[in-house]
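Notes for the one structure printed next.
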Amino acid sequence: QVQLVESGGGLVQAGGSLRLSCVASGTIFSINTMGWYRQAPGKQRELVATINRLGTTNYADSVKGRFTISRDNAKNTVYLQMNNLKPEDAAVYYCNADIIRSAAFRVPYSYWGQGTQVTVSS
């Protein structure tokens with residue numbers, strides 16, 4: 001079994017900051033790309049940022065310069081530092097990870113966390 005557990009969401013005023021964390025646990029051999037996605041009410045889930053095992057990052061244009069994704073491979077953890085939050089950033093944020101569970105069968109599977117709510121007041 002593999003679990004992704006997010007934390008760090010909450011209510012913040014526009015212009016404020018939040019830091020999200022996501023820890024992967026269970027039977028894990030290695031983790032390839034980790035990332036954050038978000039889904040606002042009535043909208044499709046969208047990519048926010050991803051980071052591969054080597055630290056190469058990718059961001060949605062809407063968050064570039066405000067959000068920073070990072071990871072701690074030793075802790076199987078990915079972070080999302082969100083600065084200068086805007087009301088349009090409000091959504092449920094989901095963690096995603098491509099995880100290889102076995103050294104003998106190195107096919108990555110995609111796992112999702114349960115989501116954490118981010119609310120931004122104007």
Side-chain angles (χ1 to χ4, degrees):
Q1 290 280 45
V2 170
Q3 273 193 317
L4 299 183
V5 179
E6 301 106 332
S7 61
L11 172 64
V12 64
Q13 286 189 329
S17 298
L18 283 174
R19 189 192 194 209
L20 306 183
S21 299
C22 171
V23 180
S25 63
T27 304
I28 297 172
F29 173 71
S30 68
I31 304 177
N32 292 346
T33 299
M34 304 184 81
W36 291 95
Y37 293 73
R38 66 187 182 188
Q39 187 167 19
K43 294 187 177 181
Q44 289 189 331
R45 190 173 297 189
E46 63 177 3
L47 179 146
V48 176
T50 62
I51 183 169
N52 68 14
R53 189 169 181 81
L54 299 179
T56 302
T57 58
N58 177 53
Y59 294 94
D61 288 342
S62 60
V63 306
K64 283 181 181 176
R66 300 188 297 121
F67 291 10
T68 302
I69 189 170
S70 61
R71 65 189 282 176
D72 185 332
N73 291 331
K75 296 182 179 180
N76 291 338
T77 301
V78 63
Y79 306 97
L80 186 68
Q81 178 66 44
M82 305 185 293
N83 297 328
N84 190 22
L85 281 159
K86 303 176 181 180
E88 52 263 42
D89 294 318
V92 178
Y93 282 70
Y94 296 92
C95 173
N96 175 264
D98 292 334
I99 295 175
I100 297 173
R101 298 185 61 192
S102 167
F105 189 64
R106 301 193 185 195
V107 175
Y109 286 90
S110 182
Y111 293 88
W112 292 89
Q114 80 288 350
T116 185
Q117 178 71 50
V118 172
T119 303
V120 184
S121 63
S122 56

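Computed over heavy atoms, backbone and side chain alike; hydrogens, waters and symmetry mates excluded.
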Classify the ring geometry of W112 against Y94: parallel below 30°, tilted from 30° to 60°, perpendicular beyond 60°.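 Answer is perpendicular, since the angle exceeds 60°.
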
Does one side chain, of [X] or [Y], offer a donor that lies under 3.5 Å from an acceptor on the other?
X	Y	result
S110	N96	yes
N83	S17	yes
Q39	E46	no
R45	Y37	no

If you compare all heavy atoms of [X] against all heavy atoms of [Y], which two are closest, and at what distance to 0.1 Å?
X	Y	value
S122	P87	CB-CG, 3.9 Å
S21	Y79	OG-CD2, 3.3 Å
R106	P108	O-CD, 3.8 Å
C95	V78	SG-CG1, 3.8 Å

Point-to-point distance, once rounded to the nearest 0.5 Å, from [atom1] of [X] to [atom2] of [Y]:
X	Y	atom1	atom2	answer
R38	M82	CZ	CE	9.0 Å
L80	I69	CG	CD1	6.0 Å
I31	I99	CD1	CD1	4.5 Å
R53	N32	CZ	CG	8.0 Å
I51	N58	CD1	CG	11.0 Å

Which of these passes side chain to side chain contact (heavy atoms under 4.5 Å, CB included) with L18: L11, T119, L85?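 Going through L11, T119, L85 one by one, the side chain to side chain contact (heavy atoms under 4.5 Å, CB included) with L18 is satisfied by L85 alone.
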
Between D61 and K64, does any NZ, NE, NH1 or NH2 come within less than 4.0 Å of an OD or OE carboxylate oxygen? yes

